[in-house]
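Comments concern the structure below.
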Amino acid sequence: MRIILIVLILLIAAGTCFGFYIRPEDYRAGELCIGISIAALFFLWMPLFIFHRWRKRSFKDYMLTKENIDKMREEGRKKNL
């Protein structure tokens, strides 16, 4: 997954740079390349990145349950001693 993310971000960056490069000569094609690259960044790369970063984590660790609040209080008491 990491390799896929790296390759995608490089392709998106290359597409954006190419769009800015050809924009003075062919405005519509340059804007199209830039637009497709930005759309791919937000609708393709970003969800894959978020999935990759969160797939092995438990959401229960980040929820405020009674057990987690008690655990935080105990850790706070240990630091104060």
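The basis for the numbers below is simple: all heavy atoms, side chains too, and nothing from hydrogens, waters or symmetry mates. Since the model is a prediction, treat every value here as computed from it, not as a measurement.
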Closest heavy-atom pair and its distance - G15, C33: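 Shortest heavy-atom contact: O-CB, 3.9 Å.
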Nearest atoms (heavy-atom pairs only) where R2 meets H52: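 Heavy atoms only, the tightest pair is N-CE1, 4.4 Å.
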Give a yes or no on whether [X] and [Y] share a hydrophobic cluster (residues Ile, Leu, Val, Met, Phe, Trp, Tyr; joining criterion: side-chain heavy atoms under 4.5 Å apart).
X: L11; Y: F18; result: no
X: F43; Y: I34; result: no
X: I4; Y: I12; result: yes
X: L41; Y: M46; result: yes
X: I50; Y: I9; result: yes

R57 atom CZ, neighbour heavy-atom count above 12 within 6.0 Å: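 Yes, the 6.0 Å shell around CZ holds more than 12 heavy atoms from other groups.
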R28, CZ atom: more than 12 neighbouring heavy atoms under 6.0 Å: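 At most 12 heavy atoms, drawn from other residues, nucleotides or ligands, come within 6.0 Å of this atom.
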Steps toward side-chain contact (heavy atoms from CB on, under 4.5 Å) verdict (R53, L5): CA-CA 11 Å; R53 296 295 293 175; L5 287 170; over 6 Å; no
When rounded to the nearest 0.5 angstrom, what distance separates [atom1] in [X] from [atom2] in [Y]?
X: I22; Y: E31; atom1: CD1; atom2: CD; value: 10.0 Å
X: W45; Y: I6; atom1: CH2; atom2: CD1; value: 10.0 Å
X: K71; Y: I69; atom1: NZ; atom2: CD1; value: 11.5 Å
X: I3; Y: M1; atom1: CD1; atom2: CE; value: 12.0 Å

